[in-house]
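Because the structure is predicted, anything quoted here is derived from the model rather than measured. Residue numbers count from 1 along this sequence.
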Amino acid sequence: MKKELGIGLGILLIANLAGCQENSTAKNVDSQKQFQSKVLAKNKSESKLKTEVQSKSVCESKEKANAESKSKNDADVKAKTEESPKTNSDQVATNSYSTQLVPDDLQGTWYSSDDNSSSPIVFTPNEMKIGSSVTEIHGSNEMTDQDKRVINNNDISAMNDARENWLLANMVTDTDGNTWLNLRGWYQNVGAGSFYKVTIKQVEGQAIKVMTSAHGGGMWSDGHYYTSQALADVNKNKTYQDDHLN
């Protein structure tokens, strides 16, 4: 009987030990699963945080680059907007035409058959063309101190090659009240230059436009031009009552 009781107690003890071991193993497994879950959750959280940080860093870099680009563009625009005009009067002024210098009635193509005339002459708002030669016409507002040194002091070293062939335009009125376009060489300091005006003349009962050219201080007439070659041929070397003849 004692022997059987001892065997029974032994079996029960082994069973209890096995149960304890199973419980311990189960607890260990659960503990490992919980640990792994925490590790995965932590890794996931760190990965998410890392992604957010990287994304934020990229956005900040883009924003910084955009801000720097905008700042540079704003600075360039401001510099161009606030750029002061050149104060050095020796600097070359712009060649763009700011105003019309040739009167409307002079613009167009003019023909002459007069002796020693230059034909045809073509006027545009800011150019004069004789044959194949086209000359720019500019105003006195484009005259720089450097240009004036050439004219007033004969300082040839100050001459601007790009302006050497320019014409200087002025409107002048003669003693009869007629208005002329006066053209002189840009660096011309001797002589009155050439003069041009348009009047309506009665020729054989017909009113026609006539451009008269003149020269010198007395505005001496030296030629007449017409709107067609046919009119020029018919009126070759013709003089008019208001001509100033030298």
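The number of heavy-atom neighbours closer than 6.0 Å to CG of N116, taken from other residues, nucleotides and ligands shown, is 12 or below. Within a 6.0 Å sphere centred on CD of Q202, other residues, nucleotides and ligands contribute more than 12 heavy atoms.
The closest donor-acceptor contact from the side chain of R184 to the backbone of G191 lies under 3.5 Å. Formation of a donor-acceptor pair under 3.5 Å by the E136 side chain with backbone atoms of E127 is not found in this model. Side chain of S112 to backbone of H224: a donor-acceptor contact under 3.5 angstrom is found. Side chain of D114 to backbone of N237: a donor-acceptor contact under 3.5 angstrom is found.
Here D222 contributes atom CG and T212 contributes atom OG1; the two are 9.5 Å apart, rounded to the nearest 0.5 Å. For the atom pair CG (N178) and OG1 (T199), the distance works out to 7.5 Å, reported to the nearest 0.5 Å. Between the CG atom of N182 and the OH atom of Y196 there is a distance of 10.0 Å, given to the nearest 0.5 Å. Summarising the geometry, atom CZ belonging to F123 is positioned 13.5 Å from atom NZ belonging to K129; distances are rounded to the nearest 0.5 Å. The distance from the CE atom of M143 to the CD1 atom of I151 is 4.0 Å, given to the nearest 0.5 Å. Distance check: L106 CG to T124 OG1 gives 11.5 Å after rounding to the nearest 0.5 Å.
Considering Y111, Y225, W110 as possible partners of S117, the one that fulfils the side chain to side chain contact (heavy atoms under 4.5 Å, CB included) test is Y225. Screening M159, R163, E164 against W186 for a side chain to side chain contact (heavy atoms under 4.5 Å, CB included) leaves a single residue, R163.
L168 is connected to W166 through a chain of hydrophobic side-chain contacts under 4.5 Å among Ile, Leu, Val, Met, Phe, Trp and Tyr, so both are in one cluster.
Annotation: side chain of L181 is not in contact with side chain of F195 (no heavy-atom distance under 4.5 Å). Residues V102 and N126 form no side-chain contact, since every pair of their non-hydrogen atoms from C-beta on lies 4.5 Å or further apart. Counting heavy atoms from C-beta on, the side chains of N235 and V203 come closer than 4.5 Å. At least one side-chain heavy atom of D174 sits under 4.5 Å from a side-chain heavy atom of W180.
Between the side chains of D147 and Y187, at least one donor N or O sits under 3.5 Å from an acceptor N or O. Checking N154 against N189 by side-chain atom types alone, a donor-acceptor pair falls below 3.5 Å. A side-chain donor-acceptor contact under 3.5 Å links H244 and D176.
For the salt bridge (Lys or Arg N to Asp or Glu O under 4.0 Å) condition, the pairs that include at least one residue of residues 229-246, sequence neighbours left out, are K197-D242, K201-D242.
Across P103 and M171, no two heavy atoms sit closer than the pair CG-CE, 3.7 Å. Residues L101 and G139 share a closest heavy-atom pair of CD1-N, 3.4 Å. Taking all atoms of both residues into account, the shortest heavy-atom contact from Q100 to P125 is CG-CB, 3.9 Å. When all heavy atoms are compared, the tightest approach of G217 to A192 is N-CB, 3.8 Å.
Under the side-chain contact (heavy atoms from CB on, under 4.5 Å) criterion, L167 pairs with M128, T135, I137, L183, sequence neighbours left out.
Hydrophobic cluster of V190: no remaining members, since no ILVMFWY side chain lies below 4.5 Å from it.
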